[in-house]
Amino acid sequence: MPFLRKTGPNVVSASAGAGLKPQHYHDVLEKSPESKTDISWFEVHTENYMGAGGPPHFYLEKIRQDYPISMHGVGLSLGSAEGLDLAHLHGIKAAVERYQPSLVSEHISWSITDGVYLNDLIPIPYTAESLQIICDNIDHMQNFLGRKILVENPSSYLQYTSSNQEEPDFINEMLGQTGCGLLLDVNNVFVSCQNHGWDAHDYISRFRPETVEEIHLAGHAVKKFGKKKILIDDHGSNISRDVWDLYDFTLSLMGNKPTLIEWDNNIPSFKTLEQEAARANIWLDKHKTILARVETYGALA
Amino acid sequence: MAPLLDIQNRFSRAILTENASNIAPEIMADGTTAEERHNIYRNNTFITLGQALTQNFPVICRLVGKAFFEHLSRAYIKEHPPTNPLLLTYGHMMPDFLSQFQPVSSLPYLADVARFEHSWNRCFNGPDSNNFDLEELKALSPEDFDSLIISFLSNMQLMKSDYPVLDIWRSNQDETHGATQINLDSGGCHFVLFRKKQEVDILNLDEGDFFFLESLYLGQSLGFSAEKIMEEYQTFDLQAILQTIMKNGMIAGFEIFKY
């Protein structure tokens with residue numbers, strides 16, 4: 001049965017959204033759509049809404065009537081050398097047709113090989129072969145769904161000896177070849193740059209503003225391995241001060257973009273999630289004001 | 001330079017065998033060791049898949065304790081890693097796995113508790129029910145009833161066990177804190193799980209009622225099923241079980257089988 005929307009805006013705007021968790025279904029539904037809230041859209045993990053039926057669908061259908069959503073897949077494994085799992089692709093298509101999301105995204109990573117799904121977002125080596133493989137898989141997904149997708153830059157804890165391209169260059173090449181958009185995860189940029197000694201500002205500066213269509217913000221953990229400190233992208237805490245600063249920098253270069261607060265572990269109260277969203281909205285307002293002034297001055301000049 | 005497919009296969013095997021020596025040459029050590037870096041991915045894999053199993057088998061986790069469940073999950077994941085990204089019902093081999101897992105051989109009922117949890121999960125995430133109008137059935141003539149073939153809600157799950165698994169499951173829900181005493185020799189149980197709206201309903205059945213329902217579920221006609229069960233169970237009450245089936249809204253449709 002196709003899902004019919006009765007009301008509600010359908011487009012995710014350049015404002016703060018939050019990852020939707022079952023723990024918060026009732027909090028979300030208790031708010032009237034007209035009430036002023038700091039969360040204006042929700043993102044779901046596509047796989048959680050690919051079961052045949054049951055309460056997850058019941059709640060998402062209700063929430064979808066009042067909010068635009070983004071569907072963010074974690075399992076398609078765009079970096080798999082063996083190509084895409086067709087059954088999974090069919091499942092994603094069914095979910096996308098049912099919920100009509102404003103944005104559909106996946107990751108620049110792999111998690112499936114030799115018939116096994118590892119449930120982690122593992123980086124790929126940045127080589128000409130990998131580029132060909134991931135571009136073929138993105139083309140396959142976009143053609144199959146009949147729409148543009150966004151792909152997310154990974155957080156990583158290792159680099160391959162065979163990599164011979166820098167990550168942002170590889171991503172830019174991929175965006176150019178496939179026409180997909182970038183989901184710029186600012187926390188992932190921070191985590192990977194810290195872990196590999198890259199320059200986060202330089203990393204972000206390499207992207208063109210029009211390719212960035214969504215931003216992710218999340219918390220990370222710090223672990224020690226011997227003397228080496230490694231940041232782990234666990235989505236289990238508040239967004240760090242460093243990542244907020246990097247977000248400010250990102251907005252100054254890219255302009256305002258839909259910004260998601262991701263919190264997948266140690267799930268907080270809905271209120272805490274709203275507070276994080278409010279912080280993102282403060283930065284977005286600031287950049288909106290700056291932009292308006294720039295335009296005013298431009299008109300006077 | 002190794003092809004990507006080869007790197008991915010070695011990476012995956014290194015996780016599942018917990019031995020990174022084959023993949024280490026592909027990874028930069030960069031201030032620590034290649035093995036240590038690969039271990040981060042190994043840990044993430046076991047932790048997140050372990051979380052999926054905890055979510056899908058909460059009562060097993062509670063019965064054996066969190067620490068032992070982690071150990072058990074690790075062994076399960078290595079033997080039966082997921083074959084696709086839909087983890088909502090990951091763990092379908094858990095009953096078989098538990099029945100052969102040496103450390104829990106003194107707890108023979110665990111496999112059936114796992115079977116119950118998996119059935120519950122399949123019912124919870126299974127297809128939603130349609131709205132079947134009972135009036136359609138009531139309009140049938142008496143002679144049609146004999147050759148009536150009933151189809152049930154497609155989320156329905158039938159289960160029987162030699163152990164009181166339903167009591168075990170119920171007394172290990174969050175709100176009961178496992179306080180009830182259960183006599184494992186109290187005998188087995190037969191029941192059916194189904195979901196009309198958002199809640200999974202569980203209905204205890206007599207042995208005769210269970211086999212009657214199972215016969216219908218497998219596509220046998222009402223007349224054939226009733227006759228077979230009546231031969232074996234003298235106290236079988238056809239009217240009563242049909243009332244139960246209809247009252248609980250377990251029917252999704254029907255057809256009349258003509259020879």
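Quick note: numbers below take in every heavy atom, side chains included, and nothing from hydrogens, waters or symmetry partners. In this text the structure is predicted, and so the values were computed from the model without any measurement. Labels below follow one simple rule: chain letters A, B, ... track the order of the sequence lines, proteins then strands, and each chain is numbered from 1.
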With a 4.5 angstrom heavy-atom cut-off, could you sort out which part of [X] is near chain B: side chain, backbone, both or neither?
X: A/N195; value: backbone
X: A/E47; value: both
X: A/T127; value: side chain
X: A/I122; value: both

If you look only at distance, which donor and acceptor atoms sit under 3.5 Å apart when one is on a side chain in residues 167-174 of chain A and the other is two or more places apart or in another chain?
| residue | atom | partner | partner atom | Å |
| --- | --- | --- | --- | --- |
| A/E167 | OE1 | A/Y126 | OH | 2.8 |
| A/E167 | OE2 | A/Y203 | OH | 2.5 |
| A/D169 | OD1 | A/R206 | NH1 | 2.8 |
| A/D169 | OD2 | A/R206 | NH1 | 3.2 |
| A/N172 | ND2 | A/P168 | O | 3.4 |
| A/N172 | ND2 | A/R206 | O | 3.0 |
| A/E173 | OE2 | A/Q177 | NE2 | 3.4 |

**Message:** Within the supplied structure, the quantity of interest is the number of heavy atoms (other residues, nucleotides, ligands) at a distance under 6.0 Å from B/K160 NZ; does it exceed 12?
**Reply:**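 Result for NZ/B/K160: open.
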**Prompt:** Taking everything shown except B/K78 itself, do over 12 heavy atoms lie less than 6.0 Å from its NZ?
**Reply:**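 For B/K78, atom NZ is crowded (more than 12 foreign heavy atoms under 6.0 Å).
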Region of [X] in contact with chain A, defined by heavy-atom distances below 4.5 Å:
X: B/L5; value: both
X: B/I15; value: side chain
X: B/P3; value: both
X: B/I47; value: neither
X: B/Q51; value: side chain
X: B/L87; value: side chain

Tell me whether the centres of the aromatic rings in [X] and [Y] are closer together than 6.0 Å.
X: B/H71; Y: B/F68; result: yes
X: B/Y76; Y: B/F101; result: no
X: B/H80; Y: B/Y90; result: no

**Message:** Measuring from atom CG of B/N56 to atom CZ of B/F124, what distance do you get when rounded to the nearest 0.5 angstrom?
**Reply:**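 The CG atom of B/N56 sits 10.5 Å away from the CZ atom of B/F124.
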**Prompt:** Distance from B/R13 atom CZ to B/N19 atom CG, nearest 0.5 Å?
**Reply:**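 Reported value, rounded in 0.5 Å steps: 11.5 Å.
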**Message:** Sub-4.5 Å heavy-atom contacts with chain B: which residues of residues 112-121 of chain A show up?
**Reply:**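 So the qualifying residues are A/I112, A/T113, A/D114, A/G115, A/V116, A/Y117, A/L118, A/N119, A/D120, A/L121.
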**Item:** Cationic N near anionic O, under 4.0 Å, B/E36 to A/K228
**Value:**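 Salt bridge: no.
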**Message:** So which residue, A/D85, A/I124, A/I230, ends up with the most heavy-atom pairs under 4.5 Å with chain B?
**Reply:**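 Among the listed options, the one with the most contacts to chain B is A/I230.
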**Prompt:** Between A/P56, A/A81, A/S130, A/P55, which residue shows the highest count of heavy-atom pairs closer than 4.5 Å to chain B?
**Reply:**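 The candidate making the most pairs under 4.5 Å is A/P55.
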**Message:** Among B/A2, B/G31, B/S12, which residue has the highest count of heavy-atom pairs closer than 4.5 Å to chain A?
**Reply:**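 Among B/A2, B/G31, B/S12, the one with the most close pairs to chain A is B/S12.
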